[in-house]
**Student:** 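Below is one structure. I have some questions about it.
Below, chains carry the letters A, B, ... as their sequence lines are ordered, and counting in each starts from 1.
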There are 2 protein chains.
Amino acid sequence: MITIKEVAQHAGVSVRTVSRVLNNNPHVAEATRNQVLSVIQELDFRPSAAARYMRTGQSQLIGFLTDELAQNAFGYDLIIGAQQAAWEHGKLLFLLNTNNDPEVEARAINMMRDYQVEGIVYATIYHRQIKHSQFPKDLPTLLVNCFADDRSLPSIVPDEIAGGRLATETLLKKGHRRVGFVSIAAKEPAPLGRLEGYRQALASFDIPYDEALVRFIEEPFEGLANSTYDSVLSLLQMPNPPTGIFCFNDLMVLGAYDAIRKTSLRIPEDVAVVGFDNVEILAAQVHPPLTTVELPNFEMGQLAVRMLLGLEETNRGGRPVQHMIHCPLIERKSV
Amino acid sequence: MITIKEVAQHAGVSVRTVSRVLNNNPHVAEATRNQVLSVIQELDFRPSAAARYMRTGQSQLIGFLTDELAQNAFGYDLIIGAQQAAWEHGKLLFLLNTNNDPEVEARAINMMRDYQVEGIVYATIYHRQIKHSQFPKDLPTLLVNCFADDRSLPSIVPDEIAGGRLATETLLKKGHRRVGFVSIAAKEPAPLGRLEGYRQALASFDIPYDEALVRFIEEPFEGLANSTYDSVLSLLQMPNPPTGIFCFNDLMVLGAYDAIRKTSLRIPEDVAVVGFDNVEILAAQVHPPLTTVELPNFEMGQLAVRMLLGLEETNRGGRPVQHMIHCPLIERKSV
DNA sequence: TAAACCGTTGCCAACGATGGCAAGGACTGA
DNA sequence: TCAGTCCTTGCCATCGTTGGCAACGGTTTA
């Protein structure tokens, strides 16, 4: 391994001067700088990040902690967004997937501290509440897709209500007056919020909420698409069936499509469908391509890192910012 | 930040002794060790990885480089597998996604060198050949899902031929004698290998290869499921249609299922389907659940790290090992 | 009784980089 | 001509940790 000392020797200057060149210090004669630069190139020298950190206290590292997120297709864009933002600012990302095991999580946080990460992004796969106490107080922490029980940490979460409203309104605006909603039976922000959005949208069109049009799939959620098939089928077999269906997520749309085709109805002519999440390999590949509300994972990851680096506001009125991210509509062909 | 010096002061011993405790050096009296340990706990001291590296030259870091892999749902298991193996040996993973941009890739490798990673795992999304020259010769490198043009680097790739054979045999064993194959028109190891496996399986059952039963989808591959729909439909409308269909990947199965249902045939009673990749959110969720050949991404990631750490053979007869990973069949309900 | 030995401990240099400080040379202005 | 200034450069301490070496007191051995 080449060191700064060797570079100095080869260039016939002191170590201090090489250091100055490395750090773009103006107090170096142009000729000296070029000389050093060429030696650096020639020797293929790269300063040791560890040694640099020792002096400066800047590790340039960001810890990225996930529960089960990284195991799942849904969240990968989040990591990529975070990585890109980090990269743009010369930072590197440490990725650790804890599989939602508290013990692993504690060990992961310790490891990150060992490497003196400048901050931690903690991202969860499902929008949920977490305990703030698991994070060290002395380390900047940013939550994505989750929020602290006492709101003591800045967080970024999707605006589920607005998203649910948008999905429903998309159907209502096309003239659908009987709109079904297939969701999951869980007391979590996502199903709760999207349902609330669904109700708000109906209300804004002066349509009464009809609970016969709403189906909640119970746990376990393994065969989710399959359960959705049953739910949608029962919806379509009602005497006054819905002409538009809002699915809680894109995965469920697989089942919904099957059910609609089973009844020989056409999409979108007879029944329009709107999804949620915009998982590309589902939404863009099903037939017809799915109109869905996007969970802007890439942007959320990007914003998380930017906030962590202090490039965005993280405090408003003395309280950590709780960002609500707008989920845009991705129009394809199912409405 | 607490340092070893402060621990030493609090414990009333020398820095050297604390270091010995930290490194489980036997030359410490039991009482002293306990005393130091309790101070460490009390102060919540963690040794600085950077300082430690400075002395020992062991960064405990592994670079994980991906082309577009991390952007795609297909490959995340690979990353999780690698991470878990690294974790088990006290190593940390640096994740960098280069988006297949050579410039970013070069910069990423440099960054990893800055942090003195002990080795690099380079994983690609599609099985392909890469140039060995982009990697530094002085850094252990392991290729996953790809191989070096001159085979100068150890690599781990799926056994496409055996996988294709397994998929096809699964159909043949159930009595299907007319087996269609829908693939992509690309001169890459995956389509080439799986086709070869398909031919071998037919041959072993004494069935002549009939090119009318094989369809190749041309680029671009955006609407892949949709193109598959057309291909499968044309296959089923042949005078002597296949009763079993092998799809190059699980994504294409979405289109295949649609086409089969369109012709009012049942799966698997009238037409059996086998996929490839075992992408959970597709294979386990379509109806009926898909029997498919698994691309064992988790195991490949795990093996990559183990090989990099020297826990597995990386050289045989003076040549870098080129591992062929067996792809097992995941039986569900489509055959 | 002295030498050898053992277990335990501490001093100090080293890893590779940075930054404060000072010094050398060239130039300016009086 | 000389002091003052500016530009450029080098010396050296420092960051937190580890490991070689030496020293210490106490015990065993010849």
**Student:** Under 6.0 Å between the ring centres of A:Y115 and A:F94?
**Tutor:**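 Centroid distance A:Y115-A:F94: below 6.0 Å, so yes.
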**Student:** For the helix from C:dT1-D:dA30 to C:dA30-D:dT1, figure out the bend between the end axes, five pairs an end, and round to 10 degrees.
**Tutor:**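 End-to-end axis angle: 60°.
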**Student:** Could you tell me whether B:D67 and B:R128 have a side-chain N and a carboxylate O separated by less than 4.0 Å?
**Tutor:**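 Yes, B:D67 and B:R128 are salt-bridged.
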**Student:** Hydrogens and angles aside, do B:H127 and B:N145 bring a side-chain donor and acceptor to less than 3.5 Å of each other?
**Tutor:**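 No - no donor-acceptor pair under 3.5 Å links their side chains.
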**Student:** For A:R16, give me all partners under salt bridge (charged side-chain N to carboxylate O under 4.0 Å, His left out), at least two apart in sequence or on another chain.
**Tutor:**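 Expected list: none.
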**Student:** Can you name the residues that form a salt bridge (charged side-chain N to carboxylate O under 4.0 Å, His left out) with A:E312, not counting sequence neighbours?
**Tutor:**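 A:E312 satisfies salt bridge (charged side-chain N to carboxylate O under 4.0 Å, His left out) with A:R306 once adjacent residues are dropped.
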**Student:** With A:E30, which residues qualify under salt bridge (charged side-chain N to carboxylate O under 4.0 Å, His left out), at least two apart?
**Tutor:**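 For A:E30, no residue satisfies salt bridge (charged side-chain N to carboxylate O under 4.0 Å, His left out) once neighbours in sequence are set aside.
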**Student:** In whole Å, I'd like the distance from the CG atom of A:N25 to the C1' atom of C:dC21.
**Tutor:**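 One finds 14 Å between C1' of C:dC21 and CG of A:N25, rounded.
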**Student:** Give every residue pair that meets the salt bridge (charged side-chain N to carboxylate O under 4.0 Å, His left out) criterion with at least one member in residues 41-58 of chain B, sequence neighbours excluded.
**Tutor:**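 Residue pairs passing salt bridge (charged side-chain N to carboxylate O under 4.0 Å, His left out), neighbours aside: A:R113-B:D44, A:D114-B:R46.
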**Student:** Please enumerate all residues that pass side-chain contact (heavy atoms from CB on, under 4.5 Å) together with A:V15, with sequence neighbours excluded.
**Tutor:**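 Result, side-chain contact (heavy atoms from CB on, under 4.5 Å) vs A:V15: A:I4, A:K5, A:A8.
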**Student:** Only pairs at least two apart or in different chains count here, so list each ring pair (Phe, Tyr, Trp, His ring centres under 6.0 Å) that has a residue in residues 1-45 of chain B.
**Tutor:**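 Listed by first then second residue: nothing to list.
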**Student:** Mind checking which nucleotides bracket the chain B contacts on DNA chain D, 5' to 3', with an atom under 4.0 Å from a heavy atom?
**Tutor:**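 With heavy atoms of chain B under 4.0 Å away, the range is D:dG16 to D:dG20.
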**Student:** Enumerate the residues from residues 31-42 of chain A whose closest heavy atom to DNA chain D is under 4.0 Å, giving them by residue number; use none for an empty result.
**Tutor:**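 Only A:T32 qualify.
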**Student:** Tell me, please, which residues at least two apart from B:F135 pass ring-ring contact (aromatic ring centres under 6.0 Å, His included).
**Tutor:**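 Partners of B:F135 by the ring-ring contact (aromatic ring centres under 6.0 Å, His included) criterion, ordered by chain and then number, come out as B:Y122.
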**Student:** Taking everything shown except B:E313 itself, do over 12 heavy atoms lie less than 6.0 Å from its CD?
**Tutor:**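 Yes, CD of B:E313 has more than 12 neighbouring heavy atoms, counting only those of other groups under 6.0 Å.
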**Student:** Just to verify, what does A:E299 make a salt bridge (charged side-chain N to carboxylate O under 4.0 Å, His left out) with, not counting sequence neighbours?
**Tutor:**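 Per chain and number, A:E299 pairs via salt bridge (charged side-chain N to carboxylate O under 4.0 Å, His left out) with no residue.
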**Student:** Strictly under 3.5 Å: I want the nitrogen or oxygen pairs between protein and nucleotides 16-18 of chain C, one per line.
**Tutor:**
residue : atom : partner : partner atom : Å
C:dG16  : N2   : A:A51   : O            : 3.3
C:dA17  : OP1  : A:S48   : N            : 2.9
C:dA17  : OP2  : A:I4    : N            : 2.3
C:dT18  : OP1  : A:N23   : OD1          : 3.4
C:dT18  : OP1  : A:N23   : ND2          : 3.2
C:dT18  : OP1  : A:R52   : NE           : 2.8
C:dT18  : OP1  : A:R52   : NH2          : 3.0
C:dT18  : OP2  : A:S19   : OG           : 3.0
C:dT18  : OP2  : A:N23   : ND2          : 3.4
C:dT18  : O2   : A:R55   : NE           : 3.1
C:dT18  : O2   : A:R55   : NH2          : 3.4

